[in-house]
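Below: one structure, written as structure tokens.
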There are 2 protein chains.
Amino acid sequence: MLKSKDSPNSLDQRNATRLRVLEHIRTRGSISRTDIASALQTSPATVTAATADLIAAGLVKETEGETSAKSAKRGRPRVLLQLDGRSHLVAGLKVARHVISVLLVDFEGNEVTSHMHQLKDVQMTPVAFVATVRLALEEACDRINGSIQQLAGVSIGIAGLVDAKRNFVHWSSSITDRNVDFSYLFSEGLPCPTFVENDANLVAKAEQLFGQGKGLKNFLVVTIEHGVGLGIVLDGKLYRGERGCGAEFGHAKVQLDGALCQCGQRGCLEAYVGDYALLREMTVTGHSSEMANVSDIHVQANSGDQRAASVLARAGQMFGLGVSNLINLFDPECIILSGAQMSMEHLCSEDVMNRIKNGVVNVDAPLPEIKIHQWGDLMWSKGAAAYGIEQVSILKVQELAVQHAP
Amino acid sequence: MLKSKDSPNSLDQRNATRLRVLEHIRTRGSISRTDIASALQTSPATVTAATADLIAAGLVKETEGETSAKSAKRGRPRVLLQLDGRSHLVAGLKVARHVISVLLVDFEGNEVTSHMHQLKDVQMTPVAFVATVRLALEEACDRINGSIQQLAGVSIGIAGLVDAKRNFVHWSSSITDRNVDFSYLFSEGLPCPTFVENDANLVAKAEQLFGQGKGLKNFLVVTIEHGVGLGIVLDGKLYRGERGCGAEFGHAKVQLDGALCQCGQRGCLEAYVGDYALLREMTVTGHSSEMANVSDIHVQANSGDQRAASVLARAGQMFGLGVSNLINLFDPECIILSGAQMSMEHLCSEDVMNRIKNGVVNVDAPLPEIKIHQWGDLMWSKGAAAYGIEQVSILKVQELAVQHAP
DNA sequence: CATATTTATTTCAGTCAGTAAAATATTTAC
DNA sequence: GTAAATATTTTACTGACTGAAATAAATATG
């Protein structure tokens, strides 16, 4: 058997099976034991044992939901299983420059409540950061007359370089210090298991658990906001790179010695597609004073302004080039373009899709599907919640093992 | 336990352990049982069982090689284990446009002999292809007075889209037909297990087994020849993409609507770096008649020809841009630039390395190491042999299980 | 030189996850 | 009501792995 003290994420063989069953129930919504057994290529006996444990732990429940029409023959009817949403409350937080958005979800991922906590400072010390997170959580719990003690897990998304396995932040724009190990700070400052992860990775997690990546093994999520982010899911797992700083799609170079980027380098995709890049372009065309954000540019373009249209079009072309390169390199099952409508429109046009199509190496097989997912404001915190649910699942399954021992 | 009839590559739990032990002995050269146990995080008892099986099968042997100076204390000395090179003969083939190169190696990867088989036709029918491979193999075996019957495995590298798991070739420039399933043709036409794989992936395999990727989990191999290829190793395994057509680095776009590429698209890296691209550039500068290959351009540049130098320099800049993007996306442990000296010199210059360094997003952690590996002509067939050895290892370990049954 | 000590490896008697097959449960068909 | 069909649970077993004890092979020490 495998050692179980390796890392907080390691699981012994049995827990791994239970977790696989749990995750399969989650992705399928509701499913019978028989179907789980055949889907996971395991014996019905194993599924019976695993589901019994999960039900005993309150993570899963049997439902009276009508068995699918398919098996409307005779024989003992299948009993459908589904997650017991009420079992655990999980919080997902996204820390942005001026606000922390908190989303409380049940164990199925259904929104319970949400809350915005305004920030005074863009950057905080690690200790102040944890205290502020706690405050934001308490405010959110107040909304449902609950307490922070009830939370089964908290997951925090921030921009920056994060080693999620160790709760270690190499660098983040929200935190004054570099190389902070939050594991001790979290356990001291918060009453429930807490996790931190890079925000683009969290959106990928959200797509995998609840969104258009459900059940897929290899897919990419491109996040479109102020900048461009990338989450890479390979073989069902987030790929983070060796030093935890892979997936820097926004700073992939699309032009030799091209436009100047915030990062100080030239030719980054973000320097053509990021909203500051678009606004910068508009100043050149003489519209500077009127333009406050990207939607203004859209308005201008839609009302026939050739220059605004040209700015958006170039961003689209560069974006298409970048996405086609992703396909050429990763050949994923699908690519999900994730963002708010405002910032995405010009990046999902037919011209852009053609640019992508024409930039991918020709093969017989059809192009990976490009899915467009327009999220609301809660995209990031929902991603955090998704990661939180996953981590809580792992914790709860591990606790199961302990209960069995005596 | 896992089912063992899944795919030809699947292994049950015990075989997986034996294979892990075998692979660990291979990467470490010679190692004691105790060290294997601690390296693989398993018990000494398990290692004893696994190595006993491997020794019985003739794959591994004990050596009298002096135990490493480190343990020159008292106590029972460790017994070192190493591969038994004589146990199996493996052939690696690379099919190029005008020649098939065959390399025969022993089970440790040592060259036994090599042979070049000239081809009349660039393209062959699947049946003719297998017959030609057989002929080339027989010629190679003749050189050591051996027979094709002695081969434990044959591995063939070709350019194109290959689904190696199924021995299925979607498309290759060497074969007239598309979508050919070679599994039947091989079993009919050749007396030993035969495998086919994309050639760039094979070079990655060679680096992993014998070269500078030994023991690494996440690394990239960029092959430089007529075109530019990429092999991706993630988590110790070749990453091939969903449709088997990932890693098309040569056709990643480095310039919007840039130079025309052989593939018909514009702006591909290969259209700036491939040797045909360099020669094309030179025609513009008026040197056309004298230039036959890339080394001529090097000669010109070294003798002070500004135009030749400029052609090489631009290729280097584009190449550096591409490599920096690989690092930004994959954040690997290292990148290995693999090729013959002639075609690489201008892509490994200090200018190019600076371009790479300046194109990678800044983090605290040091840049992934960029290793330059200059191979001879047998690079490709050595890669094929590496893959062949790996596949033969899997087969032999599986045979072990069968012998145990009765 | 005999003995104690140290380290490597093997043997042995469990342990535990997973399984096949039998048993049981629950339904429809007739 | 009984037979047939299908789902799930129970039971007895298998086999990979393990810890602990046994054995092996060396050095240190007197």
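Predicted model only: the values in this text are computed from it and were never measured. So that the names make sense, note that chain A is the first sequence line, chain B the second, and so on, each numbered from 1.
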Pair of N/O donor and acceptor under 3.5 Å linking D/dA7 base with A/Arg76 side chain:
yes
Between D/dT18 and B/Ser43, is there an OP1 or OP2 to side-chain N/O distance shorter than 4.0 Å?
yes
Ignoring the backbone of A/Gln13, work out which of C/dT9, D/dT18, C/dG18 is nearest its side chain.
C/dG18
Between D/dA7 (C1') and A/Glu62 (CD): distance, integer Å:
12 Å
Modelled atom types, side-chain donor and acceptor of A/Thr51 and A/Arg33, under 3.5 Å:
yes
Using a heavy-atom cut-off of under 4.0 Å over every strand shown, decide if A/Val79 touches base, sugar-phosphate, or nothing.
sugar-phosphate
Close N or O pairs between protein and nucleotides 12-14 of chain D (under 3.5 Å):
none

Rounded distance in Å - CG (B/Asn15) to P (D/dA16):
8 Å
Set of residues satisfying side-chain hydrogen bond (donor to acceptor under 3.5 Å, both in side chains) with respect to B/Ser393, sequence neighbours excluded:
B/Arg26
Please determine, for the side chain of B/Thr34, which listed nucleotide (C/dA29, C/dT9, D/dC17) has the closest atom?
C/dT9
A/Thr17 side-chain N/O to C/dA17 phosphate OP1/OP2 under 4.0 Å
no
Counterpart residues, side-chain hydrogen bond (donor to acceptor under 3.5 Å, both in side chains), relative to A/Thr46 (two or more places apart):
A/Ser43
Take atom CZ of A/Arg33 and atom C1' of C/dT26, then tell me their distance rounded to the nearest Å.
14 Å
Look at the side-chain N and O atoms of B/Arg74 and state whether any lies under 4.0 Å from the OP1 or OP2 oxygen of C/dT7.
no
